[in-house]
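Order of the sequence lines fixes the chain letters, A, B, ..., with proteins taken first and strands second; residue numbering starts at 1 for each chain.
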Number of protein chains: 2
Amino acid sequence: MRIGQLAQLVGVETQTIRFYEQQGLLPPPDRQDNGYRVYTEKHGEGLAFIRRCRILGLSLAEIHELQSYQDDPHQPCTAVNALLDDHISHVRSQITALQVLEKQLVSLRASCNDDREVEACGVLAGISEGNMHQQ
Amino acid sequence: MRIGQLAQLVGVETQTIRFYEQQGLLPPPDRQDNGYRVYTEKHGEGLAFIRRCRILGLSLAEIHELQSYQDDPHQPCTAVNALLDDHISHVRSQITALQVLEKQLVSLRASCNDDREVEACGVLAGISEGNMHQQ
DNA sequence: TTAAACTATAAAGCTACTATAAGGTCAATA
DNA sequence: TATTGACCTTATAGTAGCTTTATAGTTTAA
Ligand SMILES: [Zn+2]
Ligand SMILES: [Zn+2]
Ligand SMILES: [Zn+2]
Ligand SMILES: [Zn+2]
């Protein structure tokens with residue numbers, strides 16, 4: 001299987017596959033005489049794993065870490081679970097931060113209607129005066 | 001006022017100030033004979049405005065747009081308000097996406113306790129098998 | 001006088017790709 | 001046979017918003 005077929009199969013661009021190889025996330029495949037990469041089903045599974053991790057918001061570093069655990073399958077899986085717990089807390093703190101932000105933005109927006117000149121815009125005034133009490 | 005003092009006043013690094021100048025967000029200040037930048041209070045206000053926008057999650061492009069409105073203060077402020085409305089909806093869709101993600105991650109995490117080997121880890125199995133139904 | 005602290009510019013590094021450039025390979029067609 | 005088109009190769013640059021590093025000149029205090 002060549003790189004284009006693998007790309008279509010998994011739904012990524014060919015450059016992304018080469019990029020993952022370069023980053024050490026995907027093992028370098030064999031090459032044909034002309035230099036073309038030849039992939040196996042294993043590569044397909046590996047790539048699909050990476051993509052599902054990315055969809056879950058895991059960084060490439062975190063994926064690399066998961067792969068290192070997979071390479072040593074008889075260790076206890078506490079580290080895997082801990083990685084996920086950490087990631088969940090990252091996501092939660094992002095959500096919290098964005099919710100705080102949304103409140104600030106909504107309250108800022110409420111300080112203006114559309115009938116003013118820029119000079120008197122409540123939004124710009126709010127930013128300029130630093131009315132950002134709610135943390 | 002030199003760059004270090006301005007940086008300390010507003011709470012940013014000196015490089016960040018130079019970066020904003022380079023990006024056209026902060027007007028180039030006068031220079032001393034030795035080339036050192038000399039800032040006025042206006043620069044301080046401008047920089048503080050930028051930082052408050054950044055805290056609100058506005059991109060440098062959005063900030064630039066706001067500045068262009070400020071330079072033309074007798075236009076109606078509808079564009080300002082619209083920019084903020086857009087940004088609020090960006091933030092809201094980010095929150096929604098992250099909440100979906102959190103659910104997936106929590107359900108994935110629930111598929112494992114800490115008493116297994118990596119080989120049998122419910123988390124890794126969940127990712128590998130692509131059990132990501134809940135979109 | 002010398003060292004610390006400050007300033008300057010330019011360039012690279014960060015994340016996770018995406019895009020572009022310049023070229024080699026292969027199969028089918030005119 | 002020549003050429004088109006689709007595919008592959010590597011290398012390099014761009015994205016956002018800085019941060020870090022390198023290299024060097026300037027000011028200030030001990
Ligand atoms: Zn994470
Ligand atoms: Zn307004
Ligand atoms: Zn925005
Ligand atoms: Zn587990």
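- Following rounding to the nearest Å, A:Asp33 (CG) and D:dT9 (P) show an atom-to-atom distance of 14 Å.
- The interatomic distance linking A:Gln22 (CD) with D:dT9 (P) rounds to 13 Å, in whole Å.
- In this model, the phosphate group of D:dT9 is approached by a side-chain N or O of A:Arg18 to a distance below 4.0 Å at OP1 or OP2.
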Could you run down the sub-3.5 Å N/O contacts of the protein with nucleotides 23-27 of chain D?
{"unit_1": "D:dG25", "atom_1": "N2", "unit_2": "B:Tyr36", "atom_2": "OH", "d": "3.1"}
{"unit_1": "D:dT26", "atom_1": "O4'", "unit_2": "B:Tyr36", "atom_2": "OH", "d": "3.3"}
{"unit_1": "D:dT26", "atom_1": "O3'", "unit_2": "B:Asn34", "atom_2": "ND2", "d": "3.4"}
{"unit_1": "D:dT27", "atom_1": "OP1", "unit_2": "B:Asn34", "atom_2": "ND2", "d": "2.9"}

**OP:** Check the pair B:Phe49 / B:Leu66 against side-chain contact (heavy atoms from CB on, under 4.5 Å), numbers first and verdict last.
**Re:** CA-CA 10 Å; B:Phe49 180 83; B:Leu66 285 184; 4.2 Å; yes
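- Placement of B:Ile95 and B:Val106 within a single hydrophobic cluster is found when ILVMFWY residues are connected by side-chain heavy-atom separations under 4.5 Å, directly or transitively.
- By the 6.0 Å contact criterion, CD on B:Gln8 is open, its count of non-hydrogen atoms from other residues, nucleotides or ligands being 12 or less.
- Across the protein-nucleic acid pair, B:Ile63 atom CD1 and D:dC18 atom P stand 8 Å apart, rounded to whole Å.
- Under a hydrophobic clustering in which Ile, Leu, Val, Met, Phe, Trp and Tyr are joined whenever their side-chain heavy atoms come within less than 4.5 Å, directly or via other members, A:Leu101 and B:Leu60 fall into the same cluster.
- The distance between atom CG of A:Leu6 and atom C1' of D:dT9, rounded to the nearest whole Å, is 16 Å.
- Between the CD atom of A:Glu62 and the P atom of C:dA16 there is a distance of 9 Å, given to the nearest Å.
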*asked:* Between B:Leu124 and A:Cys77, does the side-chain contact (heavy atoms from CB on, under 4.5 Å) criterion hold? Intermediate values first, please.
replied: CA-CA 9 Å; B:Leu124 280 177; A:Cys77 75; over 6 Å; no
| request: Check the pair B:Arg37 / B:Arg2 against side-chain contact (heavy atoms from CB on, under 4.5 Å), numbers first and verdict last. | output: CA-CA 6 Å; B:Arg37 292 171 175 83; B:Arg2 296 195 313 199; over 6 Å; no
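- The residue among B:Ala61 and A:Thr14 whose nearest nucleotide of DNA chain D is located toward the 5' end is A:Thr14.
- Counting heavy atoms of neighbouring residues, nucleotides and ligands inside a 6.0 Å radius, atom CG of B:Asp71 exceeds 12 of them.
- Rounded to an integer number of Å, the gap from CD of B:Gln23 to C1' of D:dA16 is 9 Å.
- Residue A:Leu58 contributes atom CG, which lies 15 Å from atom P of C:dT15 at whole-angstrom precision.
- Between B:Arg92 and B:Asp85 there is no salt bridge, since no side-chain N of the basic residue sits under 4.0 Å from a carboxylate O of the acidic one.
- Annotation for B:Asp30: atom CG does not count as buried by contact number, only 12 or fewer foreign heavy atoms lying within 6.0 Å.
- Around CD of A:Glu41, the count of heavy atoms belonging to other residues, nucleotides or ligands within 6.0 Å does not exceed 12.
- The hydrophobic clustering, which links ILVMFWY residues whose side-chain heavy atoms are closer than 4.5 Å, places A:Tyr36 and A:Tyr20 apart.
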Write out a two-atom table: protein N or O, nucleotide N or O from nucleotides 17-19 of chain C, distance below 3.5 Å.
{"unit_1": "C:dC17", "atom_1": "OP1", "unit_2": "A:Arg51", "atom_2": "NH1", "d": "3.2"}
{"unit_1": "C:dC17", "atom_1": "OP2", "unit_2": "A:Tyr20", "atom_2": "OH", "d": "2.9"}
{"unit_1": "C:dC17", "atom_1": "OP2", "unit_2": "A:Arg54", "atom_2": "NE", "d": "2.5"}
{"unit_1": "C:dC17", "atom_1": "O5'", "unit_2": "A:Tyr20", "atom_2": "OH", "d": "3.3"}
{"unit_1": "C:dT18", "atom_1": "OP2", "unit_2": "A:Thr16", "atom_2": "OG1", "d": "3.1"}

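- The distance between atom CD of B:Glu21 and atom C1' of D:dG17, rounded to the nearest whole Å, is 17 Å.
- Direction of the helix axis in the helix from C:dT1-D:dA30 to C:dA30-D:dT1 shifts by 40° between the two five-pair termini, rounded to 10°.
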